Amino acid sequence: MSPARRALISITSAQATLFEGKETTGLFITEALHPFKVLTAAGFEVDLASETGSYTPDWLSQQPDFLNGEDLAIWNDTNSDFRKKLDNMPKASDLDGSQYGVFYASAGHAALIDYPTATGLQQIASQVWANGGVVSSVCHGPAIFAGVLDPATNEPLIKGKTITGFTTEAESTMGIMSELRAWGSPMVEELAEKLGAQYKRAPGIWDDFHIVDSRLVTGQNPASATSTARAVVEVFDTL
């Protein structure tokens, strides 16, 4: 029996200051909105959840370079389907992971803080994988894999697989590496190496780039959220 045509987009519930304490990081809005649009259009029932049931929008993700046009209109409309689900999210621990055929980890820099120990979300991701579904992440979303095991082997889900995610070069280019180091979490490339995965990236730090490795689909940065979600649908439809 094929997995349910139902997707969970995970949301970071953490927040912190960046850019010398001047701005707040949290959920990078389009990293959740773009997959929500793609998956909904492909006939999925889409739910959103965070570890605590709450979220904080990332400052940078609300700037016109990243949030504009239809996306901005959806974000500003608190009665839009996306905003209603985002603003009334359940806690991950309140959900039944067996009901989902897709797990998609959206992110934002704040995901480096809560995702590594987000056991509720991690259990859902593991269950989706065990049930033959698709597990996916974008940008800093691979931070979730710190605690996602393949139940068949009890090894890290990404061990021996190829993934992508936000580059360490991009962190340095943004001038925030010292602040990120203070959080004590590995960068995405470092986590991949630690868990026995191979990390690949596009030549450019902002290029639209994703990788499909069996039922594992990962995207490099915010610009990759849509193409990653489309790849998720393509993989799901072959199951």
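Here the structure is a predicted model, which is why all the values come from computation and not from measurement.
Annotation for S10 and S106: closest pair O-OG, 2.6 Å, computed over non-hydrogen atoms. Here the closest heavy-atom approach between residue G132 and residue P3 is recorded as O-CG, 3.5 Å. Considering all non-hydrogen atoms of both residues, P142 and G165 come closest at CG-CA, 4.4 Å. Here the shortest heavy-atom pairing between I163 and A192 reads CD1-CB, 3.9 Å. When all heavy atoms of E179 and G175 are compared, the pair lying nearest together is OE1-O, 4.3 Å. Pairing each heavy atom of R215 with each of V128, the nearest pair is NH1-O, 4.3 Å.
A donor-acceptor contact shorter than 3.5 Å links the side chain of S61 to the backbone of I29. Looking at D114, its side chain does come within 3.5 Å of a backbone N or O of S13 through a donor-acceptor pair. Judged by distance alone, with hydrogens and angles left aside, the side-chain atoms of T164 form a donor-acceptor pair with the main-chain N or O of K200 at under 3.5 Å. Side chain of N68 to main chain of P64: a donor-acceptor pair is present (N/O by atom type, distance under 3.5 Å, no hydrogens or angles). Looking only at distances, no side-chain donor or acceptor of T40 sits under 3.5 Å from a matching main-chain atom of K37. For Q220 (side chain) and A202 (main-chain N/O), a donor-acceptor pair under 3.5 Å exists by modelled atom type. In terms of modelled atom types and a separation under 3.5 Å, the side chain of E51 and the main chain of L121 share a donor-acceptor contact. At distances below 3.5 Å, at least one donor-acceptor pair connects side-chain atoms of Q122 with backbone N or O atoms of Y115. In terms of modelled atom types and a separation under 3.5 Å, the side chain of E193 and the main chain of Q198 share no donor-acceptor contact.
Between E189 and R201, no side-chain nitrogen of the basic residue sits less than 4.0 Å from a carboxylate oxygen of the acidic one, so the salt-bridge criterion is not met. Note on R83 versus D77: no salt bridge recorded, every NZ/NE/NH1/NH2 to OD/OE distance being 4.0 Å or above. Classification of K161 and E155 as a salt-bridged pair fails, no side-chain N sitting under 4.0 Å from a carboxylate O.
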Requested in this report: Apply the test side chain to side chain contact (heavy atoms under 4.5 Å, CB included) to residues Y199 and T167: give CA-CA distance (whole Å), side-chain angles for both, the deciding distance (0.1 Å), then the verdict.
Outcome: CA-CA 10 Å; Y199 175 89; T167 67; 3.2 Å; yes
Query - side chain to side chain contact (heavy atoms under 4.5 Å, CB included) between I74 and L33, worked out - result: CA-CA 9 Å; I74 292 171; L33 175 55; 3.9 Å; yes
Requested in this report: For side chain to side chain contact (heavy atoms under 4.5 Å, CB included), just list the numbers for V134 and L239, CA-CA rounded to whole Å, side-chain angles, deciding distance to a tenth of an Å, and then say yes or no.
Outcome: CA-CA 9 Å; V134 180; L239 299 179; 4.0 Å; yes
Requested in this report: Begin from the C-alpha positions of E190 and R181 and carry the test salt bridge (Lys or Arg N to Asp or Glu O under 4.0 Å) through to its verdict.
Outcome: CA-CA 12 Å; E190 297 162 350; R181 288 297 185 202; 2.6 Å; yes
Query raised in the report: Can you list the steps and then say if V217 with V235 is a side chain to side chain contact (heavy atoms under 4.5 Å, CB included)?
Result: CA-CA 9 Å; V217 184; V235 172; 4.1 Å; yes
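L216 and I211 are assigned to two separate hydrophobic clusters, defined by single-linkage of ILVMFWY side chains at heavy-atom distances under 4.5 Å. Cluster membership check: W75 shares its hydrophobic cluster with V46, using side-chain heavy-atom separations under 4.5 Å among Ile, Leu, Val, Met, Phe, Trp and Tyr. Both F36 and Y55 belong to a common hydrophobic cluster when Ile, Leu, Val, Met, Phe, Trp and Tyr are linked at side-chain heavy-atom distances under 4.5 angstrom. Cluster membership check: F209 does not share its hydrophobic cluster with V232, using side-chain heavy-atom separations under 4.5 Å among Ile, Leu, Val, Met, Phe, Trp and Tyr.
Judged purely by distance below 3.5 Å, without hydrogens or angles, the side chains of N131 and Y100 never pair a donor atom with an acceptor atom. For the residue pair T30/D71, the side-chain donor-acceptor check at 3.5 Å is not satisfied. In this model, no donor atom of one side chain and acceptor atom of the other lie less than 3.5 Å apart for T228 and Y104. For the 3.5 Å distance criterion, the side chains of S227 and H210 qualify, holding a donor opposite an acceptor.
To the nearest 0.5 angstrom, S54 atom OG is 11.5 Å from D87 atom CG. One finds the CG atom of L39 at 13.5 Å from the CZ atom of R6 (value rounded to the nearest 0.5 Å). To the nearest 0.5 Å, atoms NE2 (H140) and CG (N221) are separated by 10.0 Å. H109 NE2 to C139 SG: the interatomic distance, rounded to the nearest 0.5 Å, is 7.0 Å. Interatomic distance, NZ of K91 versus OG of S50, reported as 9.5 Å (0.5 Å rounding). Note that CG of L195 and CD1 of I158 are 4.5 Å apart. Values are rounded to the nearest 0.5 Å.
Each of D58, T56, L86 was compared with L27 under the side chain to side chain contact (heavy atoms under 4.5 Å, CB included) criterion, and only L86 meets it. Partner of I124 under the side chain to side chain contact (heavy atoms under 4.5 Å, CB included) criterion, out of V135, L95, I144, D96: L95 alone.
Cluster partners of W59 are L18, F19, F28, L60, F66, L112, I113, F166, M174, I176, M177, L180, W183, M187, I205, W206, counting Ile, Leu, Val, Met, Phe, Trp and Tyr whose side-chain heavy atoms approach within less than 4.5 Å, directly or via other members.
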